[in-house]
J.: 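Pasting in a structure now, in structure tokens, and then I'll have a few things to ask.
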Amino acid sequence: MDAVADTFSFALSVTAPIFLTLLVGYGLARAKLLSNSFVDDASRLVFLITLPALLFFNIFGSDAAPTDEWPLLLAGLLGTVLTVPLAWLCARPLAYGDRSAFIQGAFRGNLGIIGLAWAVNAYGPSGLAQAALLMAVITIFYNIAAVALFAVYSQKAKFSWRKLAIDVARNPLIVAIVSALVAKAVGLKLPQMVVQTGEYLASVTLPLALLCIGASLDLSMLRRSSFGAVVASAFKLLVVPVVLVAIGWMFQLDGQSMAILFLLAAAPTASASFIMARALGGNSQLAANIVAISTLFSIVTASLGLALLKVNLP
């Protein structure tokens, strides 16, 4: 009995602080202590500066390398690729114009903030380094799949490989990860004052980002949620983790790698899915509903899933 209690305690120690920080951000926004302009500016700061710093200095200072992590990276990529046609099949009964928002909401997770935060809470710097490498691989596929979806289902969007390549090459998170790997490969030595400055910037990333996500949540969306939003959220929180864990099991991942794979797979739908739906002519209301529902219920599914993994894996 004590072992079961310890297992669930571990799972909640990973997920609950993240969820509570989101609630703090939500409460501060409702109390008018976090303005929309502050949230916009802080979110931009995180995306352009502090999160890239977190990724760069963690990977640069870690022992993790893509050659060592290829089973995890390949399992994550294959599992993510498989979820897209499954989500497409689930979207078939929906109206044509709703399908792009549904499919993207069903497979695109918030890896950069919530996924990384869970990984840090569970396994510290080594978990963050693994999660960052996995995030880089999956994020590239996310961008390709999302743009292609809206190009197919939206009259506003036109698919362009050139524009997609430029967007990926300019993504600050991808740039930071690739730069860190190159710096490690060439044996670059950074002055301690540069490293310490980078660590200062990195240290504010997750708390600030989580507060901003919480402040951006609109729980009133839950009262207006459609059946499609509920199904997409269930797909994201239940089907996607099962598919990726099954692929990870086939690759015989060790316990930590499997947990990292699960935590990133179990992350709720990314806010970027709403932004892209609004910009490219998808159903932005449906996309916003999926983000709200999946974020609210992710603490339950992620906690239970992590507890089950800890019981069944070494």
Side-chain angles (χ1 to χ4, degrees), residues 55-56 58-60 62-89 103-104 106-112 114-116 118-120 122-123 125-149 161 164-165 167-169 171 173-185 235-267 269-270 272 302 305-306 308-310 312-314:
L55 297 172
F56 178 90
N58 186 267
I59 292 175
F60 181 74
S62 78
D63 296 326
T67 51
D68 300 329
E69 303 295 344
W70 74 262
L72 171 62
L73 303 182
L74 189 55
L77 180 60
L78 286 178
T80 304
V81 170
L82 281 176
T83 61
V84 176
L86 292 176
W88 177 80
L89 288 174
I103 297 169
Q104 188 181 204
F107 79 82
R108 185 169 192 163
N110 191 332
L111 309 183
I114 295 181
L116 289 183
W118 283 345
V120 171
Y123 296 105
S126 66
L128 176 58
Q130 283 185 304
L133 293 173
L134 181 57
M135 184 197 77
V137 172
I138 295 178
T139 297
I140 292 173
F141 175 75
Y142 276 175
N143 282 285
I144 295 171
V147 174
L149 278 171
W161 282 109
L164 178 62
D167 289 344
V168 170
N171 185 310
L173 311 186
I174 303 297
V175 170
I177 293 169
V178 172
S179 298
L181 293 173
V182 171
K184 284 184 65 174
F235 188 99
K236 180 67 194 72
L237 299 180
L238 300 174
V239 177
V240 172
V242 168
V243 170
L244 268 75
V245 166
I247 299 294
W249 177 79
M250 291 172 58
F251 277 81
Q252 298 182 327
L253 298 182
D254 61 60
Q256 178 170 322
S257 296
M258 185 71 89
I260 295 296
L261 180 65
F262 167 77
L263 289 172
L264 265 65
T269 301
L306 187 58
L308 288 172
L309 278 180
K310 189 170 175 62
N312 291 285
L313 290 173

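For reference, positions follow the sequence shown, starting with 1. Every heavy atom of this structure was used, including side-chain atoms; hydrogens, water molecules and symmetry mates were not.
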J.: Say you draw a straight line from OG1 of Thr80 to CG of Leu111; how long is it, rounded to the nearest 0.5 Å?
T.: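 Rounded to the nearest 0.5 Å, the OG1-CG separation comes to 8.0 Å.
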J.: So, does Lys236 use its side chain to make a donor-acceptor pair with the main chain of Ala265 at under 3.5 Å?
T.: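 Yes, the answer is positive, given that a donor and an acceptor are paired below the 3.5 Å cut-off.
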J.: Taking all non-hydrogen atoms of both residues into account, name the closest pair between Ala131 and Ala119 and its distance.
T.: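 Looking at all heavy atoms of both residues, the shortest contact is CB-CB, 3.7 Å.
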J.: What closest approach, in Å, do Ala75 and Leu261 show between heavy atoms, and which atom pair accounts for it?
T.: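 Looking at all heavy atoms of both residues, the shortest contact is CB-CD2, 4.3 Å.
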J.: With rounding to the nearest 0.5 Å, note down the distance linking CG in Leu116 to CD1 in Ile260.
T.: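 Atom-to-atom, Leu116:CG and Ile260:CD1 are 9.0 Å apart.
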J.: Return the CZ to CG distance between Phe56 and Leu181, rounded to the nearest 0.5 Å.
T.: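 The CG atom of Leu181 is 9.5 Å from CZ of Phe56, to the nearest 0.5 Å.
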J.: Could you give the distance from CD (Gln252) to CE (Met258), rounded to the nearest 0.5 Å?
T.: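 If I round to the nearest 0.5 Å, the distance is 9.5 Å.
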J.: Which atom names give the shortest non-hydrogen contact between Ala129 and Asn58, and what distance separates them?
T.: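 Here Ala129 and Asn58 meet closest at N-OD1, 3.1 Å.
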J.: Look at the side chain of Tyr142 and the backbone N and O of Gly109, then say whether any donor-acceptor pair between them is shorter than 3.5 Å.
T.: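 Yes, the answer is positive, given that a donor and an acceptor are paired below the 3.5 Å cut-off.
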J.: So, applying side-chain contact (heavy atoms from CB on, under 4.5 Å) with Val137, which one of Leu72, Ile177, Leu77, Ile174 is it?
T.: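 Going through the options one by one, the only one that passes is Leu77.
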J.: Between Pro71 and Phe251, which heavy-atom pair has the shortest distance, and what is it?
T.: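 Closest pair (atom of Pro71, atom of Phe251, distance): O-CD2, 4.0 Å.
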J.: Before you tell me yes or no, could you show the steps for Leu55 and Met135 under side-chain contact (heavy atoms from CB on, under 4.5 Å), namely the whole-Å CA-CA distance, both residues' side-chain angles and the distance that decides it to 0.1 Å?
T.: CA-CA 10 Å; Leu55 297 172; Met135 184 197 77; 3.6 Å; yes
J.: For a quick test of reading the model, state the closest non-hydrogen atom pair linking Gly79 to Ile247 and the distance between them.
T.: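 For Gly79 and Ile247, the tightest heavy-atom pair comes out as CA-CG1, 4.0 Å.
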J.: Can you tell me how the ring of Phe107 sits relative to the ring of Phe141, calling it parallel under 30°, perpendicular over 60° and tilted otherwise?
T.: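 Answer is tilted, since the angle falls between 30° and 60°.
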J.: Quick check: closest heavy atoms across Ala87 and Ala106, and the distance to 0.1 Å?
T.: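 Closest approach of Ala87 to Ala106, heavy atoms only: CB-CB, 3.9 Å.
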J.: Could you check if a side-chain atom of Leu173 sits within less than 4.5 angstrom of a side-chain atom of Thr139, using non-hydrogen atoms only?
T.: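 Of all side-chain heavy-atom pairs linking Thr139 with Leu173, none is under 4.5 Å.
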J.: Can you tell me how far apart CG (Leu244) and CD1 (Ile138) are? Round to the nearest 0.5 Å.
T.: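 Going from CG on Leu244 over to CD1 on Ile138, the span is 6.0 Å.
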J.: Distance from Gln256 atom CD to Leu263 atom CG, nearest 0.5 Å?
T.: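 That separation rounds to 10.0 Å.
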J.: Which is it for Leu238 and Val242 under the side-chain contact (heavy atoms from CB on, under 4.5 Å) test, yes or no, and what are the steps along the way?
T.: CA-CA 6 Å; Leu238 300 174; Val242 168; 5.7 Å; no
